[in-house]
Amino acid sequence: MDKPYYSLNDYFQKEYGEKCYKIAIDAGLSCPNRDGKIGYGGCTFCSAGGSGDFAVSRKVGTIAEQIEAGLALFGDKKVGDRFVAYYQAYTNTYGELSHLEALYREGLSHPKIIGISIATRPDCITPEIVDLLSKLKQEYDPKFIWIELGLQTCHERTADFIHRGYPLGVFESAMATLSAAGIPVIVHVILGLPGETAEDMYQTITYLNGFRPFGVKLQLLHILQHTQLAAQYGFTKESTDDTFTHFPADTAPPPFHVLELEEYIDIVIHCLELLHPDIVIHRLTGDGPKEILLAPKWSLNKRNVLNTLHKTLRRRQTYQGRIYYDSRSANPL
Ligand code: SF4
């Protein structure tokens, strides 16, 4: 391992002997937290792109066409021959079963795709979906199928505030079902959610250790244009980036704190120290699309964030799992 944590790159090097890149896909699906089945408006942080702002646009066409377009984006960069199709935008297990099957088959059939990673909500993991995934897993072996679940936090009060739309028990039952079917799960956690202290975030990490998911994505909270979060924070539709740093004196102060770089580094390092060493780190920052990111702006310099993180890890001589403890014997909740 070249980093003091189990990175996705380390995982790919171990399994395939090379770095494998993801191609983000927009499969043209919806989300029950947006279309009214569960709620309208979605999670408060979710952008109009359904948290899939880097996906190759649906306008490009079919899954196969999006994969080709994604491959073309690498240009002359040396990228090897193995890629993951990442069904990113919206809820990718939400739709007619036969339609979903066709979408997954399209990705799995592509000769350069070694596996698919499907982003979804725990309340959209039905027995039928799990049966379908199990069937495809067998049929396309050795290609893999991963599920990515947006948990964000283990705290119900925060989940309510961000309008996540399902209670923790739903996540726990999805984890049990997927684990029984042998389908690896990557859990998304957001650091810096409104009202959460660093200790709250550490409790989410400790809670996750109890499930030993295959992977974790640790994402910094981004405030994106035209989200409910942006409105809660005080941005109006007409706001420009400048209004963030120049709040009018007569307006109420922002209702929650947005993390500074130094705070984020401290928190993310402690999360790594708490995390079980076998859990693969799929992300440590988060990619807020430049065009729609309102705050925090420092996160746009991803290279600086990662350099600062790696330098600080080295200086503190610390690493993933250093203070890991089993939440089954010491559950802090
Ligand atoms: S579940 Fe995902 S797609 Fe749906 S509103 Fe929340 S973040 Fe957006």
Side-chain angles (χ1 to χ4, degrees), residues 22 24-58 66 85-95 99-100 103-104 116-126 129 146-175 178 185-196 204 213 215-233 282-283 285-289 292-295 299:
K22 281 186 181 174
I25 302 284
D26 180 349
L29 297 165
S30 178
C31 170
N33 204 17
R34 285 177 161 273
D35 69 7
K37 186 169 180 212
I38 291 170
Y40 292 102
C43 305
T44 56
F45 55 82
C46 184
S47 64
S51 296
D53 301 295
F54 286 104
V56 179
S57 168
R58 179 74 189 152
Q66 290 187 50
Y86 175 30
Y87 292 65
Q88 182 183 32
Y90 299 99
T91 300
N92 291 280
T93 58
Y94 182 54
H99 180 54
L100 295 174
L103 293 173
Y104 305 153
I116 62 175
S117 200
I118 302 169
T120 188
R121 299 168 51 87
D123 53 3
C124 293
I125 298 294
T126 61
I129 288 286
W146 297 340
I147 285 287
E148 305 207 15
L149 292 181
L151 172 68
Q152 324 309 359
T153 175
C154 73
H155 299 284
E156 300 283 18
R157 65 175 190 283
T158 317
D160 287 347
F161 187 78
I162 62 171
H163 196 224
R164 188 180 66 187
Y166 67 83
L168 208 51
V170 171
F171 169 77
E172 290 170 4
S173 100
M175 287 300 282
L178 290 164
V185 179
I186 298 141
V187 182
H188 296 199
V189 171
I190 297 182
L191 302 177
L193 285 169
E196 290 215 340
T204 294
V216 165
K217 274 186 181 173
L218 298 175
Q219 317 197 93
L220 166 71
L221 178 73
H222 285 124
I223 303 182
L224 302 177
Q225 276 178 13
H226 309 305
T227 59
Q228 296 171 69
L229 200 64
Q232 285 166 347
Y233 197 72
H282 287 242
R283 185 176 291 167
T285 52
D287 294 310
I292 58 168
L293 179 74
L294 294 169
S299 66

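Keep in mind the model is a prediction, meaning the values are calculated, not measured. Every number for a ligand or one of its atoms is a count from 1 in the order of the listing.
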For Arg121, take its heavy atoms, then give the atoms of ligand 1 lying under 4.0 Å from any of them.
-> 1 (S)
Cationic N near anionic O, under 4.0 Å, Arg164 to Glu156 = yes
Separation between OH of Tyr233 and CD1 of Ile223, rounded to the nearest 0.5 Å = 5.5 Å
Atom indices of ligand 1, in the order listed, that fall short of 4.0 Å to a heavy atom of Phe45 = 7 (S)
Cys43 N/O/S atom closer than 2.8 Å to atom 6 (Fe) of ligand 1 | yes
Taking only heavy atoms of Gly42, which atoms of ligand 1 are found under 4.0 Å from at least one of them?
-> 5 (S)
With a 4.0 Å cut-off, would you call Asp123 and Arg121 a salt bridge?
-> yes
Residue Tyr90 vicinity, atoms of ligand 1 by number, heavy atom under 4.0 Å = 3 (S)
By side chain to side chain contact (heavy atoms under 4.5 Å, CB included), Thr44 pairs with (sequence neighbours left out) Ile162, His163, Gln228, Leu229, Gln232
For His282, all residues meeting ring pair (Phe, Tyr, Trp, His ring centres under 6.0 Å), sequence neighbours excluded | Trp146, Phe214
